[in-house]
Amino acid sequence: MSAALRPAPLPDTAALLDVRDVSKRFTPPTPIGDRIAALLGAAPRPATVHAVDRVSFTLPRGEVLGLVGESGCGKSTLGRMIAGIYEPSSGDVLFDGTPVMRGGRKRTARVQMIHQDPFASLDPRMKVAETVAEGPIAHRLVPRAGADAYVAEILTRVGLDPALRQRFPHQFSGGQRQRVAIARALAMRPDLLVLDEPVASLDVSVQAGVLNLFLDLRRDSSLTGVFISHDLGVVRHVSDRVAIMYLGRIVETAPTATLYAAPAHPYTRALLDSVPRLGQGRGIFRPIQGELPSPLAPPPGCHFHPRCPHAGPRCRAEVPALLPVTPGGSAACHLHHGGVGRSEPA
Ligand code: SF4
């Protein structure tokens, strides 16, 4: 593992989750025309998407890490590797000291994932009672004879009326379906929850209820969590620590209060500046300049350099390492580590 890419050590070194130099690459299927051209010796090599590029961090038991970035930055792919849905192309995801996946198979039920769209993640043909009980019965966490009472207890815990357990997913509202999805995950008695945009598909009016449920669960059961979101406002309320991703890399990580009060990376600053703030008049909304580059052809050096107001020659040539900049905080930016190669604009 590259020591340069590892963030500053966290205060509590008893990491429940240890993500070590993890990458995930996808190679899209080659179109038929390109394959014919390849036979004629004329096709370019198949493109590879570096969805996640050498990411490392640790997460102590009982903490929640907010994972933030624009759509396509790799945060969901990273979440799926942590949850044992994708196997890393290289590197290791260790949960409680052992790999989450080995040989293409998930090795622990103690890590559970909650997806953005509960309707898509729930089997429409299964009643809620069956959906919630299926995993615990299969993993012998609860005997079949006791499953009904167990389901009723879990549904109560997530704020659903246990009397509804014989209904199907389509008979619930969006917010209720997400509670069912949370109940299904909790029924496995997880130590680590990965939540991938858990409220993004819900009406604003029900988002607060689901977020409050998560905060209650955290308080009552000391859950450890990775909370993935593009919404900095949501992440601020649920996370102890935040990691900012850009084109497959973590560019900044810090305790939540530090990151929001004094962002160290220009991309984090741009993200925070782009959030409209109510009651502060017009002109506060400043969209980030430029388009997110294609992950098929990311810019060399610092991926953010085409959009960065501080970019210098060094930024275009050299990948900045994620290095400590504040107590507990790290940033991958040459501004903090030797400069960008010329005098920077004020
Ligand atoms: Fe901007 Fe250079 Fe820092 Fe990248 S390394 S964020 S381009 S100043």
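Remember, it's a predicted structure, so these values are computed and weren't measured experimentally. Note that ligands are numbered from 1 as they come in the structure, with each ligand's atoms numbered from 1 the same way. One is the number of the first residue; the rest follow in order along the sequence.
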| field | Cluster companions of Leu141 among Ile, Leu, Val, Met, Phe, Trp, Tyr (side-chain spacing under 4.5 Å) | value |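 Besides Leu141, the cluster holds Met188.
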
| Counting only protein atoms, how many N/O/S atoms are less than 2.8 Å away from atom 4 (Fe) of ligand 1? |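 With waters ignored, the protein N/O/S count below 2.8 Å is 1.
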
| Working for side-chain contact (heavy atoms from CB on, under 4.5 Å), residues Ile250 and Leu322 | CA-CA 8 Å; Ile250 289 182; Leu322 188 61; 3.9 Å; yes

[X] vs [Y] aromatic rings, parallel, tilted or perpendicular, using cut-offs 30° and 60°?
| X | Y | answer |
| --- | --- | --- |
| Phe26 | Tyr86 | perpendicular |
| Phe227 | Phe214 | tilted |
| Tyr267 | His265 | perpendicular |

| Side chains of Glu252 and Thr268: do they bring a donor and an acceptor to under 3.5 Å? |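 Yes.
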
